[in-house]
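Step one of this worksheet: look at the structure below.
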Amino acid sequence: MTEYPKVYLFDLDGTLLDSAPDLAAAANHMRTSRGLAPLPFETLRKTASSGAKGLLGAAFGIHPQDAGYADMAKEFLDYYEAHMADHSRLFDGVPEMLAAITAQGARWGIITNKHARFVHPLIKFHKLKPAVVVCGDTLKVNKPDPEPIRFALQSIDAKATEAIYAGDDKRDIDAANGADVFSVAVMWGYLGSSQPVQDWGADLIVHNPSEILGIKLTN
């Protein structure tokens, strides 16, 4: 039987929310405070789905295993927390998509590697009303592990066969496929993976949010 999904699950950054301007601003603030020139926005944008690790890697070439990384990450995150709603916005078409999902009687949720201290204020600021939210510090594992998706489905008593998961990074597709959920790669996101989107193994690639409303699942 073919029917529309009953549950629509989404990544946050680069899928529902364009948070790259504020993430890039935090990285460039750190650069200018050290006497370095700011980097072009497009250079930083593609790393936005990886949060502090991606932005600090692009801005300073520093990685989690390097000395001094923890202090720089704290500085980055503290600045970002104070400014994370300065320029962030929902991507074009996302409010209409979410309204349509609700109108058809389906539920939707957010599964992100971003930590709760940032996620819940952003949800409130943008007046989102997800049925379930799984943050990067909700469980002991993050995407690409499929457990956050499984946990979200269990939390709202939903089946994998009636759900989709959409994201802008290969780890989103890996997590969805691992959880046996219909996987959707979104082309309007940051696409930070070095691997072409066509090689991620997604069940579907979409170019705008309205295409998600046309998805039908075969059970």
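Just so it is clear, the structure is predicted and the values come from calculations on it, not from any experiment. When reading the values below, keep in mind they use all heavy atoms of this one structure, side chains included, and skip hydrogens, waters and symmetry mates.
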Distance-only check: which donor-acceptor pairs under 3.5 Å involve side-chain atoms of residues 63-72, not counting sequence neighbours?
residue : atom : partner : partner atom : Å
D66     : OD2  : H63     : N            : 2.8
Y69     : OH   : K53     : N            : 3.4

Can you get from [X] to [Y] by hopping between Ile, Leu, Val, Met, Phe, Trp and Tyr side chains that sit under 4.5 Å apart?
X    : Y    : answer
I173 : L12  : no
W108 : V7   : no
L128 : I212 : yes
L122 : M97  : yes
V133 : I149 : no

Do any N or O atoms from the side chain of [X] and from the backbone of [Y] form a donor-acceptor pair under 3.5 angstrom?
X    : Y    : result
S193 : K170 : no
D172 : D168 : yes
W200 : Q195 : yes
R150 : P146 : no

What are the two closest heavy atoms between [X] and [Y], and how far apart are they?
X    : Y    : value
N142 : G136 : OD1-O, 2.7 Å
L90  : P95  : CD1-CG, 3.8 Å
A58  : T47  : CB-CG2, 3.9 Å
A116 : P121 : O-CD, 3.8 Å
P130 : I123 : CD-CG2, 4.0 Å
A202 : S183 : CA-OG, 3.4 Å

With a 4.5 Å limit on heavy-atom distance, are the side chains of [X] and [Y] in contact?
X    : Y    : answer
F91  : L17  : no
I215 : Y8   : no
E3   : K216 : no
P209 : E96  : no
I110 : T15  : no

Distance, nearest 0.5 Å, that separates [atom1] of [X] from [atom2] of [Y]:
X    : Y    : atom1 : atom2 : answer
S49  : N113 : OG    : CG    : 9.5 Å
E211 : M187 : CD    : CE    : 10.5 Å
T112 : D11  : OG1   : CG    : 5.5 Å
D78  : H83  : CG    : NE2   : 10.5 Å

**Request:** Look at the aromatic rings of Y80 and F118 and report parallel, tilted or perpendicular, splitting at 30° and 60°.
**Result:**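 Correct class here is tilted.
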**Prompt:** Can a salt bridge be assigned to the pair K143 and D174 using a cut-off of 4.0 Å between side-chain N and carboxylate O?
**Reply:**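 Answer for the salt bridge query: no.
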**Message:** Go through it in stages, so that I can follow the logic: the residues are L9 and I164, the test is side chain to side chain contact (heavy atoms under 4.5 Å, CB included), and I'd like the CA-CA distance, side-chain angles, deciding distance and then a yes or no.
**Reply:** CA-CA 6 Å; L9 301 172; I164 72 161; over 6 Å; no
Please report, to 0.1 Å, the donor-acceptor pairs under 3.5 Å made by any side chain of residues 35-46, with sequence neighbours excluded.
residue : atom : partner : partner atom : Å
R45     : NH1  : G189    : O            : 3.4
R45     : NH2  : W188    : O            : 3.4

**Message:** I want to know whether F182 and Y165 have ring centres closer than 6.0 Å.
**Reply:**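 No; Y165 has its ring centre 6.0 Å or more from that of F182.
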**Request:** With sequence neighbours left out, write down each residue that passes ring-ring contact (aromatic ring centres under 6.0 Å, His included) with F60, or none if nothing qualifies.
**Result:**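 Here no residue qualifies.
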**Prompt:** Do M30 and F76 pass the side chain to side chain contact (heavy atoms under 4.5 Å, CB included) test, and can you show the C-alpha distance, the side-chain angles, and the key distance before you say yes or no?
**Reply:** CA-CA 7 Å; M30 289 180 65; F76 174 89; 3.5 Å; yes
**Request:** Please identify each residue that fulfils salt bridge (charged side-chain N to carboxylate O under 4.0 Å, His left out) with R171, with sequence neighbours left out.
**Result:** D169
**Item:** Derivation and outcome, side chain to side chain contact (heavy atoms under 4.5 Å, CB included), residues V186 and N208
**Value:** CA-CA 7 Å; V186 304; N208 63 73; over 6 Å; no
**Message:** Could you walk me through whether E81 and R117 satisfy the salt bridge (Lys or Arg N to Asp or Glu O under 4.0 Å) test, starting with their C-alpha distance in whole Å, then the side-chain angles of each, then the deciding distance to 0.1 Å, before giving a yes or no?
**Reply:** CA-CA 8 Å; E81 185 173 22; R117 71 187 258 211; 2.7 Å; yes
Pair up each side-chain donor or acceptor in residues 18-27 with any protein partner under 3.5 Å, not counting sequence neighbours, and list the distances.
residue : atom : partner : partner atom : Å
D18     : OD1  : Y190    : OH           : 2.8
S19     : OG   : D13     : OD2          : 2.3
D22     : OD1  : H87     : N            : 3.0
D22     : OD2  : D86     : N            : 3.4
D22     : OD2  : H87     : N            : 3.0
D22     : OD2  : S88     : N            : 2.9

Exercise answer: donor-acceptor pairs, residues 153-160 side-chain atoms, under 3.5 Å, sequence neighbours excluded:
residue : atom : partner : partner atom : Å
S155    : OG   : F151    : O            : 2.7

